[in-house]
Amino acid sequence: KQHQDRELFSSEEDSSLYFTYSGGCNVLEVKNLFYEVDTAAQIPWYERLSEFKMPWEIRGNKQTAINKLSLTVHSGQMLALIGSSGCGKTSLLDIITCRDEGGIMKSGEILINGKRNTPQLVKKSIAHVRQDDRLLPHLTVRETLSFVAKLRLPTHFTQAQRDQRVDDVIAELRLRQCAHTRVGNNYIRGVSGGERRRVSIAVQLLWNPGILILDEPTSGLDSFTAHNLVITLSRLARGNRLVLLSVHQPRSDIFQLFDLVVLMSSGSAVYCGAAREMVPYFTALGHPCPRYCNPSDYYVIMNQHFSNKP
């Protein structure tokens, strides 16, 4: 029986990577980034008409969203941005993917393989999975992926190659059991929340990107589903991909899966380095993590407490 269990476990491990990123190694660099947000730009001009001012007369307050942030990630690594709400995690992901709105980059640069990020370069090299699932609820999981494959994959792909890619992605993200179930939404019954999040990742994974960026992929999921999802992302990183995600306060078992961690507070990086070295780093500074306490919870709350002090 032990031999059979060992065989089953090894076969599961062997099939854990159905396809890897075939391109070269990718490097994402953020150098000395300073980013400001104009609060007035976030409010539509027609909502400010009650002030009897023309749009060009409205002056908002400039707020620092990211303050002199630097980080470097390579293929095969999974980096997590952790921190409380409003610390700049989503703003950083939007800047990297050229989706920033209403903000000004005062200094710094974002480099993808040594080249400055542009919308054209981002479209070719980065897959961005947003926090909200934008899927057609009446299609099944397989129909959704087949539809996207026809639109996203190169025109020289044959139908057999498209079908094979869809099968590979379904197997990679463990979606076989719900492949013929409708995706659904809040009003239409369909797959579970964790499976719907996996479908959103599968849609981006179809074209086999080298860089995968996710905005709070575990939000709204229970602890077991969130843990399995991060295990999947870790496996994708082992397939020669660069994975960058934001997460509010991960559980301790999820925190141990990260390779690199950036702890953000008020737009600044309080810690940037290996996940396993974060506790020794703060311990050396005189802030040891209490026993049986989640390090991410403790240090996020601690930094939020210090940043709110006058």
Side-chain angles (χ1 to χ4, degrees), residues 2 5-6 9 12-13 16 66-67 69-74 76-90 92-93 129 131 173-174 192-198 201 212-238 242-310:
Q2 290 180 352
D5 291 342
R6 202 161 44 240
F9 181 75
E12 180 72 17
E13 284 296 312
S16 63
I66 298 175
N67 185 20
L69 177 67
S70 298
L71 59 89
T72 303
V73 202
H74 297 81
Q77 294 179 325
M78 179 168 61
L79 182 143
L81 302 171
I82 64 175
S84 58
S85 298
C87 68
K89 303 188 299 293
T90 301
L92 177 60
L93 299 186
V129 181
Q131 190 172 349
L173 293 174
R174 305 293 193 265
S192 66
E195 289 170 339
R196 190 177 297 116
R197 196 61 52 85
R198 287 174 181 268
I201 298 173
L212 187 61
I213 293 180
L214 307 99
D215 187 9
E216 300 205 12
T218 60
S219 64
L221 304 180
D222 61 87
S223 57
F224 177 77
T225 306
H227 183 255
N228 285 339
L229 180 62
V230 177
I231 288 177
T232 299
L233 296 177
S234 177
R235 191 174 64 245
L236 292 175
R238 292 206 311 268
L242 188 158
V243 178
L244 175 63
L245 70 151
S246 64
V247 59
H248 184 57
Q249 286 174 252
R251 290 172 14 129
S252 56
D253 54 350
I254 293 178
F255 181 81
Q256 293 173 0
L257 296 172
F258 300 142
D259 299 311
L260 303 172
V261 166
V262 176
L263 175 59
M264 299 186 67
S265 177
S266 302
S268 300
V270 181
Y271 174 80
C272 182
R276 64 179 180 273
E277 296 176 3
M278 190 175 81
V279 174
Y281 171 80
F282 283 109
T283 301
L285 294 178
H287 300 286
C289 181
R291 195 176 184 184
Y292 306 122
C293 186
N294 181 4
S296 59
D297 277 341
Y298 178 73
Y299 290 119
V300 166
I301 295 173
M302 184 190 72
N303 284 288
Q304 191 174 9
H305 172 72
F306 284 129
S307 62
N308 290 334
K309 279 189 174 183

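As the structure is a prediction and not an experimental result, all values here were calculated from the model.
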T218 side chain near P250 side chain, heavy-atom distance below 4.5 Å
no

Main-chain N/O of E216 paired to S246 side chain as donor or acceptor, under 3.5 Å
yes

Is there side-chain contact between C289 and F282, with heavy atoms separated by less than 4.5 Å?
no

Just how far is it from atom CG of L260 to atom CD of E277, taken to the nearest 0.5 Å?
9.5 Å

By side-chain contact (heavy atoms from CB on, under 4.5 Å), which residues pair with L221, not counting sequence neighbours?
T225, A226, L229

Do R198 and T232 get their side chains close enough for a donor-acceptor pair, meaning under 3.5 Å?
yes

Who are the side-chain contact (heavy atoms from CB on, under 4.5 Å) partners of S223, not counting sequence neighbours?
R251

Flag the pair Y299 / V261 as yes when at least one side-chain heavy-atom distance between them is below 4.5 Å, and no otherwise.
no

Does anything in residues 243-276 pair up under ring pair (Phe, Tyr, Trp, His ring centres under 6.0 Å), and if so which pairs, sequence neighbours excluded?
Y271-Y281

When rounded to the nearest 0.5 Å, the distance separating CG of D297 from CD of Q249 is 4.5 Å

For L81, the option from T90, L69, L244, L245 that meets side chain to side chain contact (heavy atoms under 4.5 Å, CB included):
L244

Less than 4.5 Å apart, any side-chain heavy atom of L71 and any of L92?
yes

Would you check if L214 and V247 make a side-chain contact, meaning some heavy-atom pair closer than 4.5 Å?
no

Would you compute the distance between atom CD of Q77 and atom CG of L242 and round it to the nearest 0.5 angstrom?
7.5 Å

So, for A269 and V262, which heavy atoms are closest and what is the spacing to 0.1 Å?
CB-CG1, 4.0 Å

Tightest non-hydrogen contact, residues V279 and P295, listed as CG2-CB, 3.7 Å

Test item: K89 side-chain N/O and G83 main-chain N/O as donor-acceptor pair under 3.5 Å:
yes

OG on S268 to CG on L263, rounded to 0.5 Å:
11.0 Å

Which heavy-atom pair separates S296 from I82 by the least distance, and what is that distance?
CB-CD1, 4.2 Å

In Å and rounded to the nearest 0.5 Å, what is the CG to CG distance from N228 to L173?
12.5 Å

Kindly compute the distance separating CD1 (I66) from OG (S266), expressed to the nearest 0.5 Å.
12.5 Å

Judged by atom type as modelled, is there a donor-acceptor pair below 3.5 Å linking the side chain of D259 to the main-chain atoms of M78?
yes

Shortest non-hydrogen separation from L233 to P217 and the atoms involved
CD1-CG, 4.2 Å

